[in-house]
Amino acid sequence: MLEITKENIEKAIEKAKATKPKVKVIEFRRYAVTNKTTGANYEVKFYKISGKKFAECDCKATKICYHIGASIGAHIIEAEKMHTATA
Ligand SMILES: [Zn+2]
């Protein structure tokens with residue numbers, strides 16, 4: 001599990017914009033990311049612990065990867081929906 005910081009997520013989003021993987025919502029905080037070129041599938045999970053944000057991806061990367069960068073956009077939309085639903 002890796003902590004999301006402003007710096008590392010910005011880099012991951014930049015990379016995601018260049019590779020444009022496909023993101024599918026599995027459930028809130030869980031996303032399936034597909035590399036359109038290779039067809040490889042990865043699962044990204046988001047966590048919130050004591051106000052800090054964490055993410056996990058099942059690819060080999062040991063830092064915030066572009067799969068996480070690609071999923072965060074969908075995650076923000078989902079999180080907002082949850083807020084609206086519970087408000
Ligand atoms: Zn990854």
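Indexing begins at 1, ligand by ligand and atom by atom, following the structure's order.
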Tell me, please, which residues at least two apart from [X] pass side chain to side chain contact (heavy atoms under 4.5 Å, CB included).
X: K60; answer: none
X: K20; answer: none
X: E43; answer: I26, R30, K45, D58

Measure across Y66 and A16 and return the closest heavy-atom pair with its distance rounded to 0.1 Å.
-> O-CB, 3.6 Å
What's within reach of the Zn ion (ligand 1), meaning protein N/O/S atoms under 2.8 Å?
-> C57 SG, C59 SG, C65 SG, H67 ND1
Derivation and outcome, salt bridge (charged side-chain N to carboxylate O under 4.0 Å, His left out), residues E14 and K17 = CA-CA 5 Å; E14 281 307 306; K17 277 180 189 164; 3.8 Å; yes
Should the pair F46 and Y31 be assigned to parallel (<30°), tilted (30 to 60°) or perpendicular (>60°) ring geometry?
-> perpendicular
